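These notes concern the structure reproduced below.
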Amino acid sequence: MLAYLNGQFLPRSTTTISVEDRGFVFGDGVYEVWRVVNGRLFESERHLARLEFGLGELRIRLPEQLSLSAVEQIADRLLRESSLTTGEATFYMEVTRGAAPRAHQFPAANTPPTVYATVNRLNPPEDLRARGASAITIPDIRWLRCDIKTIQLLPNVLAKQAAAEKGAVDALMIRDGVVTEGSHANVVGVLDGTIRTHPTNHLVLPGITRAIVLDIARHAGIPVSEEPIAEREIPRLEELFLVGTTTDVMPIVRVDDRPVGDGKPGPITTKLVTEFRAYLDASCAPAHSAL
Ligand code: PDD
């Protein structure tokens, strides 16, 4: 696989950053993950806007490579030269506050940010999607700016590991008695026929898949309420699913060893799985099929 680092394209295995990079030392940076289908970036502008928002909140200088066309050019070359212009892939970009001697405060204003990007093959687990997955619950121990997609992911790493050790696909994070989100996806439930999910505030990432799926649901006439699911409501949920760039819509049919609904992907989830996939494929249709 090829990687991009500060203006250069190199094999990923030979790409190196400074040990003084503030991303390495402090986790001082942000990242994005774009879905790629047929070599085309899905929702490229929205992901870039979220990356720019994060940089602004952290007061990291906006690198000049971050125009939409420059980002798309970087992605195109990485995808082409890594043979990922067909099928499913992801494009990852990370920006840190750059390399400087270790000191907590910001480095000199002229310190250039580090810009790193790479691509990977994605193999969506369609058999698991058809069966439905299980999840655990775990306390949400993250900071209070979960709306910024920072590279500081230790609570998310620990949550996902706890899930994996129990044979579950993910952990639903609970803060103050409500479900916030998963380790790398938003969480959506169905209760009394209404779709429920945490509102977009400082406690969750404003997921792009979440926004698209909620739009699809509203258009289909399914009631949507951005009121969080209380932990005590989990046993009453009729349906539950995760939404995210690498997750798509993933039915959750067990939480902490109790079935959700009848223990199978429900009708609303199944409809959203299908409609989201259709939207993704239509958005990323190969250029020639639009003719
Ligand atoms: N994760 N919540 C968290 C904590 C996330 O890390 C993500 C994305 C989402 C879903 O957002 P979106 O639909 O915009 O991808 C929600 C990426 C994919 C990752 O870390 O790999």
Side-chain angles (χ1 to χ4, degrees), residues 1-4 12 30-54 66 68-95 115-130 133 147 149 151 153 156 160 169-170 181-188 197 200 204-217 241-252 269 271-287 289-290:
M1 293 293 167
L2 199 65
Y4 169 92
R12 190 160 70 197
V30 291
Y31 76 106
E32 265 304 326
V33 184
W34 283 256
R35 180 61 168 275
V36 180
V37 181
N38 302 318
R40 301 185 68 173
L41 295 186
F42 180 55
E43 298 291 336
S44 55
E45 283 177 62
R46 279 160 107 159
H47 283 277
L48 186 60
R50 189 167 66 189
L51 190 64
E52 287 180 354
F53 166 79
L66 281 198
L68 185 61
S69 67
V71 167
E72 288 182 342
Q73 275 174 30
I74 293 169
D76 279 351
R77 176 152 174 203
L78 290 174
L79 290 162
R80 227 179 323 110
E81 297 192 20
S82 306
S83 306
L84 290 173
T85 52
T86 56
E88 310 269 349
T90 56
F91 169 56
Y92 175 89
M93 181 170 258
E94 175 174 329
V95 182
V115 181
Y116 167 69
T118 194
V119 286
N120 281 296
R121 176 61 77 196
L122 181 72
N123 294 302
E126 297 309 333
D127 46 339
L128 187 61
R129 201 182 319 284
D147 54 327
K149 202 163 172 54
I151 57 174
L153 290 170
N156 310 56
K160 177 79 177 186
V169 77
D170 205 359
E181 59 187 331
S183 70
H184 58 110
N186 293 108
V187 177
V188 183
T197 190
T200 50
V204 295
L205 189 79
I208 291 159
T209 319
R210 172 193 180 283
I212 293 167
V213 167
L214 293 188
D215 273 354
I216 292 172
F241 52 95
L242 300 172
V243 286
T245 290
T246 53
T247 310
D248 296 341
V249 177
M250 175 59 74
I252 298 295
T269 310
K271 182 180 177 62
L272 294 173
V273 165
T274 308
E275 294 211 2
F276 176 75
R277 184 71 227 189
Y279 183 80
L280 176 62
D281 286 336
S283 304
C284 299
S289 75

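Not measured: the values here are computed from a predicted model.
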Q. Does a salt bridge link Lys149 with Glu32, judged by any charged N lying under 4.0 Å from a carboxylate O?
A. no

Q) Do Ile212 and Glu43 come within less than 4.5 Å of each other through their side chains, counting heavy atoms only? A) yes

Q: Please name the pair of heavy atoms, one in Lys160 and one in Val169, separated by the smallest distance, quoted to 0.1 Å.
A: NZ-O, 2.9 Å

Q) Is atom CD of Glu45 surrounded by more than 12 heavy atoms (other residues, nucleotides or ligands) closer than 6.0 Å? A) no

**Q.** Within-4.5 Å side-chain heavy-atom neighbours: Asn156 and His184
**A.** no

Q: Please check if the side chain of Ser183 supplies one atom and the backbone of Asp170 the other of a donor-acceptor pair under 3.5 Å.
A: no

(Q) So does Tyr279 get a backbone contact from the side chain of Ser283, meaning a donor-acceptor N/O pair under 3.5 Å? (A) yes

Q) Which is it for Ser44 and Leu68 under the side chain to side chain contact (heavy atoms under 4.5 Å, CB included) test, yes or no, and what are the steps along the way? A) CA-CA 8 Å; Ser44 55; Leu68 185 61; 3.9 Å; yes

Q | Contact check, side chains of Ile252 and Val187, non-hydrogen atoms, under 4.5 Å | A | no

Q) If only atom types and distance count, is the side chain of Arg129 paired as donor or acceptor with the main-chain N or O of Val249 below 3.5 Å? A) yes

Q) Residues two or more places apart in sequence or in another chain: which of them pass salt bridge (Lys or Arg N to Asp or Glu O under 4.0 Å) with Arg35? A) Glu88, Asp248

Q.
Ring-plane angle category for Trp34 and Phe91, please: parallel below 30°, perpendicular beyond 60°, tilted otherwise.
A. tilted

Q: Determine yes or no for a side-chain-to-main-chain donor-acceptor pair under 3.5 angstrom, with Asn186 supplying the side chain and Leu205 the backbone.
A: yes

Q: Please report the closest heavy-atom contact between Arg50 and Pro206, naming both atoms and the distance.
A: NH1-O, 3.0 Å

Q. Closest approach of Asn38 and Pro286, non-hydrogen atoms and distance?
A. ND2-CD, 3.4 Å

Q: Take Met93 and Leu48 through the side chain to side chain contact (heavy atoms under 4.5 Å, CB included) test and state the conclusion after the steps.
A: CA-CA 10 Å; Met93 181 170 258; Leu48 186 60; 5.6 Å; no

**Q.** Close side-chain approach of Val119 to Glu81, heavy-atom, < 4.5 Å
**A.** no

Q: Report yes if the side chains of Tyr31 and Leu153 come closer than 4.5 Å at any heavy-atom pair, otherwise no.
A: yes

Q: Identify the two heavy atoms, one from Ala185 and one from Leu242, that lie closest to each other, and give their separation to 0.1 Å.
A: CB-CB, 4.1 Å

**Q.** Thr197 and Leu214, any side-chain heavy atoms less than 4.5 Å apart
**A.** yes

Q. Out of curiosity, Arg46 CZ to Ile208 CD1, how far, rounded to the nearest 0.5 Å?
A. 6.5 Å

Q | Reference residue Val36; test side-chain contact (heavy atoms from CB on, under 4.5 Å); the match among Leu78, Leu41, Thr245 | A | Leu41

Q.
Using the rule given for side chain to side chain contact (heavy atoms under 4.5 Å, CB included), can you reason through Val273 versus Arg277, listing the C-alpha separation, both sets of side-chain angles and the distance that settles it, and then say yes or no?
A. CA-CA 6 Å; Val273 165; Arg277 184 71 227 189; 5.6 Å; no

**Q.** Side chain to side chain, Thr200 and Asp147, heavy atoms closer than 4.5 Å
**A.** no

Q. Do any N or O atoms from the side chain of Arg40 and from the backbone of Ala285 form a donor-acceptor pair under 3.5 angstrom?
A. yes

Q | Nearest heavy atoms of Pro251 and Phe241, plus distance in Å | A | CA-CB, 4.0 Å

Q: Give the C-alpha distance, both sets of side-chain angles, the deciding distance and a yes or no for side chain to side chain contact (heavy atoms under 4.5 Å, CB included) between Val95 and Leu66.
A: CA-CA 10 Å; Val95 182; Leu66 281 198; 4.3 Å; yes

Q: Begin with the C-alpha distance, continue with both residues' side-chain angles, and end with the deciding distance and a verdict on side chain to side chain donor-acceptor pair (under 3.5 Å) for Thr90 and Asn120.
A: CA-CA 5 Å; Thr90 56; Asn120 281 296; 4.5 Å; no

Q) Is Thr209 close to Phe276 at the side-chain level, that is, under 4.5 Å between some pair of heavy atoms? A) yes

